[in-house]
Amino acid sequence: MKHMTRKATRHVNQNEGLIFEKSSPGKAAWKLPPLDVPEVDTTALLGSSEREDLGNMPEVSEIEIIRHFTRLSTWNYAIDLGMYPLGSCTMKYNPRVNEAVARVEGIANGHPYQPEKISQGALRIMQTLSECLIEITGMDAITLQPAAGAHGEMTGLLMVRAYHQSKGNARKKILIPDSAHGTNPATAAMVNYAVENLKSDSRGMVDIASLESQMNEDVAALMLTNPNTLGVFEQDIHKIADILHAKGGLLYMDGANMNALVGKVRPGDFGVDVMHLNLHKTFSTPHGGGGPGSGPVAIKKALEPFLPTPVVITKPDGTLSFDYNRPHSVGRVRAFYGNFGMFVRALAYIQANGPDGLRQTTEDAVLNANYIRKGLEGAFDLPYSTPTMHEVVFSDKLQAKKGVRTMDIAKRLIDYGFHPYTTAFPLIVPGALMIEPTESESKEEMDLFVEAMKSIAEEVEEDPQTVLDAPHTTRVSRLDETAAARKPILRWKPA
Amino acid sequence: MKHMTRKATRHVNQNEGLIFEKSSPGKAAWKLPPLDVPEVDTTALLGSSEREDLGNMPEVSEIEIIRHFTRLSTWNYAIDLGMYPLGSCTMKYNPRVNEAVARVEGIANGHPYQPEKISQGALRIMQTLSECLIEITGMDAITLQPAAGAHGEMTGLLMVRAYHQSKGNARKKILIPDSAHGTNPATAAMVNYAVENLKSDSRGMVDIASLESQMNEDVAALMLTNPNTLGVFEQDIHKIADILHAKGGLLYMDGANMNALVGKVRPGDFGVDVMHLNLHKTFSTPHGGGGPGSGPVAIKKALEPFLPTPVVITKPDGTLSFDYNRPHSVGRVRAFYGNFGMFVRALAYIQANGPDGLRQTTEDAVLNANYIRKGLEGAFDLPYSTPTMHEVVFSDKLQAKKGVRTMDIAKRLIDYGFHPYTTAFPLIVPGALMIEPTESESKEEMDLFVEAMKSIAEEVEEDPQTVLDAPHTTRVSRLDETAAARKPILRWKPA
Amino acid sequence: MRYLPKSPADREAMLKAIGLRSVDDLFAPIPAEYRLTRDLNIPRQMAESEIVDFFRQRSRENGDGYTSFLGAGAYFHYRPVIIDSLISRGEFLTAYTPYQAEISQGTLQSIFEFQTMICELTGMEVANASMYDGSTAAAEGVMMAVRLTGRRSVVVARSLHPQYREVLATYATHQGMPLSLVNFGVDGRINLKELENSITPETACVLVQSPNFFGTIEDVNAIAEIAHKHGAMLVVSIAESVSLGIVEPPRQADVIAMEAQSFGVPLGFGGPYCGVIATREKYVRQMPGRLVGQTVDKQSKRGFVLTLATREQHIRREKATSNICTNQALVALMVNIFMTVYGKVGLKELAKQNLAKTAYAASQFSKHGKLLFATSPRFNEFVVQTSEDPYAINSRLLGHKMVGGLPLQKFYPELGNAALWCCTELTTRSAIDTAVGLVAESERSVRSAKEEVEEVAR
Amino acid sequence: MRYLPKSPADREAMLKAIGLRSVDDLFAPIPAEYRLTRDLNIPRQMAESEIVDFFRQRSRENGDGYTSFLGAGAYFHYRPVIIDSLISRGEFLTAYTPYQAEISQGTLQSIFEFQTMICELTGMEVANASMYDGSTAAAEGVMMAVRLTGRRSVVVARSLHPQYREVLATYATHQGMPLSLVNFGVDGRINLKELENSITPETACVLVQSPNFFGTIEDVNAIAEIAHKHGAMLVVSIAESVSLGIVEPPRQADVIAMEAQSFGVPLGFGGPYCGVIATREKYVRQMPGRLVGQTVDKQSKRGFVLTLATREQHIRREKATSNICTNQALVALMVNIFMTVYGKVGLKELAKQNLAKTAYAASQFSKHGKLLFATSPRFNEFVVQTSEDPYAINSRLLGHKMVGGLPLQKFYPELGNAALWCCTELTTRSAIDTAVGLVAESERSVRSAKEEVEEVAR
Ligand SMILES: Cc1ncc(COP(=O)(O)O)c(C=O)c1O
Ligand SMILES: Cc1ncc(COP(=O)(O)O)c(C=O)c1O
């Protein structure tokens with residue numbers, strides 16, 4: 001652990017119990033204004049529907065709530081604290097101006113059903129963002145409705161199905177590379193398509209021969225992640241698109257890795273028919289401990305009739321409006337219009353960058369990943385030596401000899417002051433270490449990361465137990481996940 | 001250290017260098033809009049006044065700034081993290097609604113010179129707060145201009161001087177009890193009064209006999225803190241006021257300890273002529289690592305002509321206005337009108353409490369101090385057994401036998417997850433431990449505090465070295481203050 | 001670009017370390033013909049001040065300063081200030097899904113508390129960490145029932161939020177889940193007889209909303225009895241979570257699919273909101289979404305982890321209970337803080353104020369327009385039928401900077417000139433009186449116009 | 001009360017532990033006749049929503065939405081969003097003065113950086129942790145010079161902010177520090193001849209402001225030479241800190257007393273702002289206010305502490321260099337973040353934009369009104385003399401939701417109908433054009449009225 005103090009130290013930190021353990025009758029953090037209408041007899045109004053009591057809901061004061069969540073927050077790692085190199089997650093800086101503009105009164109408090117006449121601001125935001133995303137992806141149209149990436153996948157596949165159905169045959173299956181994210185097959189199942197695995201070749205790319213042999217009129221689409229989850233750009237993309245299109249199939253692109261492409265190349269230009277974006281990855285909306293996200297789906301012209309309703313249109317008088325009259329639409333995938341607050345943030349991000357900023361961002365993201373690859377080559381096994389785009393995937397092969405696996409290295413990285421990389425994904429790399437630095441990391445931070453990783457590699461040789469027992473510097477040590485799943489305790493109950 | 005994990009643990013924590021160490025030419029966190037007027041030739045405009053370069057000012061990006069200050073913040077203790085029992089400082093909860101309303105557009109961005117016609121909101125806030133504070137103190141008039149407690153003291157003494165001067169004799173000295181805060185004598189000196197110390201009696205109160213013998217026509221005022229810095233209410237306050245008034249002197253009250261009195265007793269009712277308040281203590285405005293504060297001065301009628309200019313008045317048409325035409329005023333003590341942002345917060349605090357809330361607040365503050373006193377009696381020496389109001393002062397007499405002083409105990413308290421109490425003040429208690437919990441502490445938090453203090457007392461007996469070497473759990477250990485003062489390094493310089 | 005922490009020298013040094021000459025080399029893997037050689041045609045890089053101006057301008061075009069009587073699945077309640085103070089802490093805002101438990105206890109413990117409070121409020125035994133929103137939660141709740149019962153068809157109340165019905169239809173279409181609708185009666189509640197008739201041995205579940213789209217509280221007891229009698233499950237959707245403060249939760253339900261937006265989440269033009277699914281313990285392994293469970297570390301210290309992940313897509317892939325991955329965690333944190341602020345007593349008092357405001361408004365409106373479903377208990381919404389088209393009335397209200405109730409014709413043509421009005425604790429009596437006054441005026445003028453016509457006819 | 005973390009049962013238990021029966025017993029030490037037996041006559045306890053409404057209402061009465069040309073010691077610059085994001089962290093907001101260094105390194109290191117940047121910008125060697133504001137900093141700077149020189153009288157430029165002069169007068173009166181004023185010339189700068197004549201062997205210091213109250217940049221070189229020649233110190237006040245981005249700092253000064261409000265601090269109707277004092281190293285022991293110094297811990301790790309406390313009131317009491325205790329720490333943190341955001345290049349570019357806007361405005365105004373002090377270099381303020389009373393012009397501007405320049409008559413009667421205008425990077429060309437248009441109209445109407453009179457006379 002010789003280097004670790006360069007990046008982190010331990011510091012005294014407040015414990016905090018469950019809020020229920022602080023509750024006591026008569027404490028309160030609320031106060032209502034005096035009622036300006038007559039009091040009502042709730043029993044007379046509600047009869048048997050009246051609720052008696054609220055069980056174990058807490059009773060605490062405001063200062064206790066502030067302390068509770070402030071203390072809890074100090075046990076979290078976050079982008080704001082340091083590098084968060086989760087592969088496939090694009091943990092980039094979340095600009096604060098995004099948060100500020102999302103809270104401007106008329107934007108934060110607009111009601112989804114308020115008349116369009118007084119919704120022009122929101123509609124304009126949606127339209128401007130749509131135009132930007134269409135230009136960035138090189139596609140023809142877009143829906144902003146899906147609430148996350150997986151939701152976008154579902155929306156996209158619904159459109160794929162509707163498209164094929166309109167041609168008379170919905171087809172039966174979706175081809176999915178073995179390197180794909182779990183949401184891809186899960187989504188295909190939800191849209192009632194069979195999943196057929198497509199294997200990767202030795203470069204970590206789609207095996208063209210397999211694709212050719214598996215492609216037929218039963219295949220509705222190929223769901224391709226590009227760059228794929230190895231951080232590798234599918235160089236045969238042209239051929240892939242041709243193979244699909246030749247048999248009437250569609251090319252679906254999982255846009256989770258658009259951070260490698262924005263401003264440098266457009267999926268619409270290389271044959272993609274449908275794709276989703278993750279505004280919570282590429283476009284800087286905060287991850288918030290797991291969400292919210294936003295998963296717009298961009299499409300080529302041929303799929304436009306099938307977009308979810310409503311669609312934002314410009315009326316002849318120049319005002320904006322929602323068009324609900326779309327007979328071929330796949331329908332609605334969510335109430336209202338999607339995670340509007342994320343649209344605001346994504347647009348603010350695009351505005352802050354402009355064309356030059358977005359391009360530079362992509363360049364820096366790819367530069368960072370390559371720098372890390374270079375720094376760690378040798379210390380860790382690199383299963384695919386194909387050129388790296390925005391992320392790089394190592395394996396724990398070298399360390400496994402000492403019984404140390406990717407998760408152990410990940411836990412040890414915590415002691416060095418870093419959030420771990422993504423472990424055990426993609427599945428085609430046994431013991432994967434999937435590292436995506438994003439553009440938001442400085443050279444200094446990456447040098448510390450490389451140093452930490454190399455130091456851990458040394459520790460594995462010299463003192464593997466230290467790595468196996470990690471983390472050593474956190475409030476709790478490794479938690480018993482098996483016990484948690486065996487007899488789940490999913491809520492607090494009074495003793 | 002058997003109990004300490006109940007309150008705190010260590011947790012991994014990010015190091016962070018100086019911002020200058022992250023600077024590199026070409027990085028930037030700023031961007032200006034395009035200029036909508038012609039560019040200018042700066043040399044032509046400024047000639048020899050033009051500046052060439054900005055030395056070692058940093059060049060960093062926004063994410064680095066966010067991380068820099070976020071990381072730095074994690075090394076601070078704060079009210080939001082736990083009990084902050086600094087005696088005399090009244091470290092109470094800083095309500096978040098105060099921060100929200102202080103940032104409402106027209107309040108945050110009002111220019112001090114904007115026409116009164118469009119300043120009615122700010123004037124109304126000042127007037128409403130003034131009225132509340134006058135009612136709370138039982139005084140007749142007030143100025144909100146002083147920027148902090150010490151500044152209020154100066155303003156108050158300037159009025160005292162002006163008052164006496166108007167009677168033909170400015171007088172020569174101010175009586176100040178030996179328990180007083182350092183700002184009291186320092187202020188007297190700034191207003192060109194001599195300071196005469198007044199000793200305390202065995203109860204820790206003003207020695208009435210001494211006061212009687214020291215009081216004469218040379219004495220302009222007595223500066224009394226009540227409750228005093230021992231947390232003791234001056235029970236002879238009536239007599240004290242009479243003695244002063246009989247010789248034409250004024251009673252100045254340092255209102256730093258108003259948290260013991262609000263809603264329960266009013267200084268104006270017990271003979272005080274001039275007093276200052278600390279909005280950053282009693283009225284919940286945040287301390288912000290050392291300020292800003294606000295130190296309104298409330299006075300009796302006789303001193304009204306001497307208030308600093310301007311004074312808020314109501315015009316015949318009902319609108320509010322600043323009155324600058326005050327020939328007897330002591331003048332201005334600060335540009336503009338004072339720390340207006342603190343007025344907003346203090347008023348919001350008063351509104352959130354109302355009369356019942358303020359009274360309950362005071363009761364809880366006094367209850368908490370007495371609870372701690374009870375809990376620690378025996379474990380620590382209590383030099384004055386007089387009843388305790390809002391704070392209690394112990395001494396390190398018992399621990400000093402083992403060579404452990406108040407500062408050592410304070411440092412050890414850090415390991416237990418607490419901010420230390422105030423050390424070495426008031427001066428009349430050698431090795432003082434001055435503890436003010438305020439009303440914001442729950443019974444649970446105070447029980448942990450008492451437990452921690454008792455545990456330290458035990459440690460002093462069993463293992464004093466642990467206490468002497470404390471803190472053990474912080475990012476840095478005890479810092480060398482002597483070296484810092486001997487050869488001061490007050491700024492960073494490039495290597 | 002101001003977010004990028006690199007100087008030109010840094011980039012140079014890094015390229016050199018990698019062994020490349022230029023940035024272009026990094027993009028060599030992309031076939032040259034696809035590489036973009038022009039700037040994207042999007043707005044130029046803007047200063048922060050310009051961005052703020054842009055959105056302020058949009059805000060001004062977006063109903064800022066209007067008083068609204070809209071509810072219908074999105075409710076305007078007061079949001080305590082501390083919600084934003086706390087969720088803005090970078091440690092919550094900029095953390096990922098808490099996969100690494102040792103440095104995610106803040107997020108994990110708060111989700112555990114969220115799950116607990118949702119259980120307390122709904123009367124269910126387990127709750128998940130969130131779903132996208134109330135509509136998708138309802139659809140996923142139904143899919144859960146389909147998996148649990150092995151049956152496929154679904155009976156849906158027409159008084160369920162029309163957009164929730166649309167979403168369910170989209171989700172159901174390709175999963176071979178036939179939907180049938182059950183109408184509401186003159187009391188605004190589901191027609192129990194029709195319900196009973198709609199349920200077949202193939203019915204996986206009955207889906208109702210309570211308080212329903214009209215604000216009317218359903219007789220969940222009776223509905224549950226009917227559903228359960230036929231071996232179907234009962235899924236109850238709750239769109240106005242504040243109702244739980246005073247309305248008995250649907251404890252007889254098997255699955256509750258909730259929209260928790262009312263608990264401290266800004267209206268935000270429809271999102272992000274916070275769906276949740278709560279159910280009985282025995283169904284937990286068919287639940288979609290993330291779950292946090294309590295466990296211990298190596299020193300037996302209490303801690304929290306994501307658990308039962310074998311239900312989820314990253315483990316089970318096409319066999320997962322749902323494809324959901326990213327959920328609404330930060331919004332769930334808002335909800336969590338809101339529930340904590342109001343707590344056991346405050347939520348009840350808050351709900352009471354909603355009830356009182358609504359009772360007052362309903363009684364005032366009923367003096368002029370016709371209050372539909374008047375006999376049933378309701379929470380904070382009610383339907384008023386007017387003589388005039390509600391769009392016309394609303395456009396007059398707009399002139400007073402007021403947004404009237406939601407016209408229902410487009411969803412329920414049979415209700416004619418009806419609109420759905422909502423009052424919360426933030427609706428002032430004077431706003432109600434103004435709106436009632438305008439409706440009264442409308443009625444008067446229609447009446448006098450009619451009288452005129454009759455006069456002429458006579 | 002919602003801020004109080006105690007239940008009735010807690011209070012009971014605590015009283016019992018103490019051995020008291022009732023809360024009243026706690027207040028027994030207070031003589032009964034003084035104890036308040038009634039409620040305070042202040043507003044009743046309000047809900048948070050009511051408090052927010054109250055201040056929103058006040059905001060609407062307070063110039064919200066007006067474009068302003070006011071400067072004069074309080075400047076409207078853009079405040080980067082991250083300032084408030086960062087200072088709102090409880091760890092900064094709710095910490096006390098960093099007396100306990102081991103758990104205050106966040107505050108201490110940031111002050112150390114603040115001190116460094118103030119030094120870099122002012123060209124001084126040491127800077128303190130802050131003073132109340134620019135006016136009190138100037139007064140304390142003068143007191144420093146008095147202590148350092150052992151002389152007592154002070155020569156003050158009339159072009160120093162009039163309120164700063166007032167404050168200095170208040171501070172000086174009882175300390176036996178006679179003040180004499182030196183006028184400005186037609187170029188708006190201090191009259192050097194008069195200055196030279198004003199200095200006596202008793203002069204402790206000369207106090208000037210640059211850019212001065214008229215926005216004019218003083219010839220600090222020349223002033224310094226004169227002062228130093230007579231053994232007096234030079235104290236320079238800087239009220240518009242953004243000027244430091246493009247205007248050479250007064251390096252020849254002995255003490256710089258600055259108002260840093262322009263660096264990211266809201267106008268806030270005049271406060272809280274951020275005064276600072278910077279000086280030469282050799283004078284550090286006579287400085288007022290807190291200082292942070294670098295040191296090491298027991299493991300030789302770098303750390304920061306409050307230092308040289310022997311200057312301060314809590315150690316030296318009546319012999320302290322000042323009575324200041326609480327300063328403006330959080331505001332200094334805003335300033336610190338602002339300086340960090342703009343940094344070496346940004347501050348210069350920002351200052352340039354101020355210069356360009358002001359140059360444009362001055363040239364436009366000078367086509368109609370008379371630009372005073374036109375020959376001297378200026379930063380972002382300028383004085384325009386009009387035929388009509390500026391109050392009258394301003395009241396017309398108010399109708400366009402604009403606040404015109406500050407009328408100077410009350411401070412400088414000899415300047416007649418003059419007003420002090422200010423432009424910053426936030427002033428738009430169109431706002432300038434509108435204001436200029438209104439001034440032009442005023443001039444035209446005065447002229448035509450005059451012509452009419454002349455016509456009649458002829
Ligand atoms: C490659 C890939 N596809 C899909 C997803 C799913 O996106 P979301 O979590 O937004 O539903 C992810 C997110 O982790 C991903 O990395
Ligand atoms: C008793 C007492 N008097 C005066 C002061 C000075 O107040 P301020 O720091 O606001 O200038 C303090 C503050 O610590 C104090 O405790």
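Chain letters run A, B, ... following the sequence lines, proteins first and then strands; every chain starts at 1.
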Practice item. Using non-hydrogen atoms and a 4.5 Å limit, figure out which bit of A:Gln14 sits close to chain B: side chain, backbone, both or neither. Key: both
Check your understanding: Checking heavy atoms, do the side chain of A:Glu445, its backbone, both or neither come under 4.5 Å from chain B?
Key -> side chain
Exercise for review: Examine whether an atom of B:Thr74 lies under 4.5 Å from a heavy atom of chain A, and if so say whether it belongs to the side chain, the backbone or both; otherwise answer neither.
Suggested key: both
Check your understanding: Would you say B:Arg71's side chain and A:Leu81's backbone share a donor-acceptor pair under 3.5 angstrom?
Key -> yes
Point to revise | Side chains of A:Thr9 and B:Asn13, donor plus acceptor under 3.5 Å | key: no
Review point. Where on A:Thr474 is there a heavy atom nearer than 4.5 Å to chain B: the side chain, the backbone, both, or neither?
Key: both
**Study point:** Pairwise distance CD1(A:Ile66) to CZ(B:Arg96) - rounded to 0.5 angstrom
**Key:** 4.5 Å
Exercise for review: Below 4.5 Å from any heavy atom of chain B, which atoms of A:Phe69 appear? Answer side chain, backbone, both or neither.
Suggested key: neither
Check your understanding: If you take all heavy atoms of B:Thr70 and A:Asp80, which pair is closest and at what distance?
Key -> CB-O, 3.8 Å
Check your understanding: Do you know which two heavy atoms are closest between B:Ala8 and A:Val12, and how far apart they sit?
Key -> CB-CG2, 3.8 Å
Study note, to complete from the structure: Residue from B:Lys22, B:Lys31, B:Glu64 scoring the most non-hydrogen pairs under 4.5 Å with chain A is B:Lys22
Point to revise | B:Arg67 side-chain N/O to A:Gly82 backbone N/O, donor-acceptor pair under 3.5 Å | key: yes
